[in-house]
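These notes are about the structure you will find just below.
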Amino acid sequence: MSRETAYPKVFDANGLYFALASEEIPEVWNVASDASKPTGVAGGPRSPQSVSGADVLVQALVNHGVDTVFAYPGGASMPLHQALTRFRDKIRVVLPRHEQGGGFAAQGYARSTGKVGVTMATSGPGATNLVTPIADAKLDSVPLVAITGQVGTPVIGTDAFQETPIVEVCRSVTKHHYLVTDVKDLTRVVREAFYIATTGRPGPVLIDLPKNVQLAQTIPDYSAAMELPGYRIESTEPKPEEIRRVAEVIRKAKRPVIYAGGGVVAAGAAEDLYRFVEKTRIPVAMTLMGLGGFPGEHPLSLDMLGMHGSVYANYAVNEADLLLALGVRFDDRVTGKVSEFAKHGTIVHIDIDPSEINKIKHVQMSMVSDVKQALRELNKIVVPPEGLDEWNKTVQGWKESEPFTYDRSYDGILPQHAIEELWRQTKDRDAIISTGVGQHQMWTAQFYKFRRPRRWLSSAGLGTMGFGLPAAIGAKIAHPDKLVVDIDGDGSLTMNIQEMATCFCEKVPVKVMLINNQHLGMVVQWEDRFHASNRAHTYLGPIDHPEAVGRGSGIGPEERYPDFVAIAAGFGWRGRSIREKGELSEAIAQMIASPGPYLLDVAVPYQEHVLPMIPSGMTVRDLIRE
Ligand SMILES: Cc1ncc(C[n+]2csc(CCOP(=O)(O)OP(=O)(O)O)c2C)c(N)n1
Ligand SMILES: [Mg+2]
């Protein structure tokens, strides 16, 4: 018997059909009969107790405190969207203009709040468009629940219309994943998904939900028990004897340094770290993910360490006799040559994820613990190391003699200048800043001094261009009263520029300060340093411009492409383009004061390099200053 006769055709919104097992057909008509009412409710279809899988899923989201979902519909997720309309008073549904934008907006929501971000897409291309935000969330330990529609279970594995095996595709980039084949599993699965996304080391969980499971009726049990025999979260309580041993090595240290990472932010441990530093006077270097975990303006802040970190952070780590590694993973952008990294001292690694201990760098002492709890316990007994003044004087000397800097006499606008000026104008406003990926991202990390955690949103581990604008959207929705600025690059912004429509239509007034160098600046920098400035597809204007092959003389006004302010206007944004130094301060003030979404296009030269720089796989001795 052919499938066509075995499975009657049901037409979806596009007039395309998907097949269902014949006994499931009535559910389709049920849902269609009165979409305004939940199934099972008086006047709605079906029996009083039973509801559709789609309604169960949305109710379960409500039960988990979800107030916003970033969701793009399609045939295989329509029942979910229909169900979402029945919960309008509880859940805001934001329609991104691309699923990747939705995934990053959910991340912006999650990174800025610490709560789970929820994103939804249809099967096939909708689902594959979520792969990048999922992978990104995995590398940066962001709690994300991604829900995808899937073709009906009877046709899974048949190359059905818009079928991709998204669980298989995402297997290695999720913390966990589900393909739900029985509607009765749904409440348990959602519970487990939220539990896994938020406990231990946070991360993304994928729930793939076939359309017939969304349509199937069930009597839900929202208190269904979790079944996670293989998921053991290590005891997050630090052991007292370990705390005593760490306090003892701290007391004896002569040249201690704290290396603080995203784990400090994720654990909500910033205040405990602050107390710890106030008590011990140990200087703090932060990773890209750790920025905001300790106030950047504090005298004991050494700012960022690693490839584009400060000279003083890298010197201090190199000279340290004790490195307190808190919620970090010894990423190669931090360590450079691993064998040379912090080799003169004892390393104490405290992290909630046991798989990180000794993964990259062998350490002398370790503690599998929540960083917050470890710092709390340490704060009870720790005493400052003796004779720290000498060390802090040395470190302070490095800090004073080689600060992050740029040519302040340059007569145009340098990217660093624009970012520093934005920081000056927004530092007392508790703004949230997101970025794309590239030079502008590194300069923001260097020149914007974050005071508090969760104000800095950047794709660190995956380094995903296109992150900035959608992440800003998610943050602004979670914090409507805060100023949210995306400091973006022209290449990165273009990758998710369609999200300007989301800002306008969903009334999300974020600001974009575009560091427009007409190039893929970070790649240009590597071309300059390591490929004799041979331009290899790093110019973002027309290919007949001499600039495309590196023969230009800079960027003349008539050559600028594209016209970002015109694009923004097309999406309903206000905007302005500037290139004169004298305009900068006033233009930033205008952007901040503008009530709606606003783009400030700042023309900057592409010849500028992010410095200092420790080339990939090298050491502090190879540090480039100019
Ligand atoms: C999705 C993606 N593709 C490619 C890259 C490689 N890459 C890293 S930085 C960069 C240039 C980014 O250009 P732009 O956004 O204009 O920032 P700039 O460096 O000029 O400040 C590229 C292509 C990436 N990180 N992400
Ligand atoms: Mg650029």
Side-chain angles (χ1 to χ4, degrees), residues 98-101 103-104 107 128-137 139-140 173 288 307-308 331-333 406 412-420 422 433-448 458-472 485-499 512-531 535-541 545 547-548 550 552 554-555 559-562 564 567 577 579 599-611 613 616:
H98 187 296
E99 290 85 353
Q100 187 184 108
F104 282 135
Q107 275 210 36
T128 53
N129 278 347
L130 279 185
V131 174
T132 301
I134 291 172
D136 190 282
L139 278 185
D140 285 352
V173 295
L288 190 61
M307 181 180 279
H308 291 299
D331 180 79
D332 53 85
R333 283 291 189 270
Y406 60 92
I413 304 171
L414 288 181
Q416 304 93 314
H417 181 194
I419 293 163
E420 194 175 57
L422 179 73
I433 304 291
S434 67
T435 66
V437 168
Q439 291 182 310
H440 65 280
Q441 175 193 32
M442 291 299 114
W443 281 315
T444 306
Q446 293 181 341
F447 288 91
Y448 202 102
S458 199
S459 168
L462 200 63
T464 313
M465 292 170 66
F467 175 91
L469 177 58
V485 185
D486 167 31
I487 301 176
D488 223 328
D490 45 337
S492 294
L493 178 63
T494 306
M495 283 211 175
N496 271 320
I497 200 159
Q498 76 288 342
E499 298 311 323
V512 172
M513 185 170 89
L514 183 63
I515 305 298
N516 187 349
N517 56 12
Q518 298 278 285
H519 284 75
L520 300 172
M522 186 55 96
V523 186
V524 167
Q525 176 167 342
W526 284 45
E527 286 172 347
D528 287 346
R529 295 283 169 177
F530 312 117
H531 299 279
R535 293 284 167 264
H537 329 113
T538 46
Y539 176 60
L540 292 171
H545 284 181
E547 212 64 65
I555 309 162
E559 288 179 65
R560 299 184 67 72
Y561 182 91
F564 281 101
I567 293 171
S577 210
R579 57 170 57 242
L599 172 92
L600 178 61
D601 173 29
V602 186
V604 297
Y606 67 86
Q607 290 84 354
E608 197 66 9
H609 285 184
V610 183
L611 294 169
M613 176 180 189
S616 199

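This structure is a prediction, so every number in the text was calculated from the model and none was measured. Order of appearance sets the numbers: ligands from 1, and atoms from 1 within every ligand. Keep in mind that the numbers below use all heavy atoms, side chains included, and drop hydrogens, waters and symmetry copies.
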Taking the six-membered ring for Trp and the single ring otherwise, decide whether the centroids of Trp526 and Phe530 are under 6.0 Å apart.
yes

Ligand 1 contact by Ile515, heavy-atom criterion under 4.0 angstrom:
no

Tell me which part of Asn517 gets within contact of ligand 1: side chain, backbone, both or neither, using heavy atoms under 4.0 Å.
side chain

So is Gly436 in contact with ligand 1, going by heavy-atom distances below 4.0 Å?
no

Suppose I only count heavy atoms of His440 and a 4.0 Å limit; which atoms of ligand 1 are within that range?
15 (O), 17 (O), 18 (P), 21 (O)

Contacting atoms of ligand 1, where contact means under 4.0 angstrom from a heavy atom of Val523
10 (C), 22 (C), 23 (C)

Should the pair Tyr539 and His545 be assigned to parallel (<30°), tilted (30 to 60°) or perpendicular (>60°) ring geometry?
tilted

Taking only heavy atoms of Ser492, which atoms of ligand 1 are found under 4.0 Å from at least one of them?
14 (P), 15 (O)

Counting from 1, what ligand 1 atoms have a heavy atom of Gly521 closer than 4.0 Å?
13 (O), 18 (P), 19 (O), 20 (O)

Element-labelled atoms of ligand 1 that are located less than 4.0 Å from some non-hydrogen atom of Asp490:
16 (O)

Between Gln439 and Gln525: side-chain donor-acceptor atoms closer than 3.5 Å:
yes

So, 2.8 Å as the limit: is an N/O/S atom of Tyr606 located closer than that to the Mg ion (ligand 2)?
no

Which N/O/S atom belongs to His519 and is the closest one to the Mg ion (ligand 2)?
O

Under 4.0 Å from a heavy atom of Gly491: which atoms of ligand 1 are those, numbered in the order shown and with their elements?
14 (P), 15 (O), 16 (O)

Closer than 2.8 Å to the Mg ion (ligand 2), do we get an N, O or S atom from His440, backbone or side chain?
no

His519 and ligand 1 - part of the residue with a heavy-atom distance under 4.0 Å
backbone

By number and element, which atoms of ligand 1 are closer than 4.0 Å to a non-hydrogen atom of Gln439?
18 (P), 19 (O), 21 (O)

Using a 4.0 Å cut-off to any heavy atom of Met522, which atoms of ligand 1 qualify?
9 (S), 19 (O)

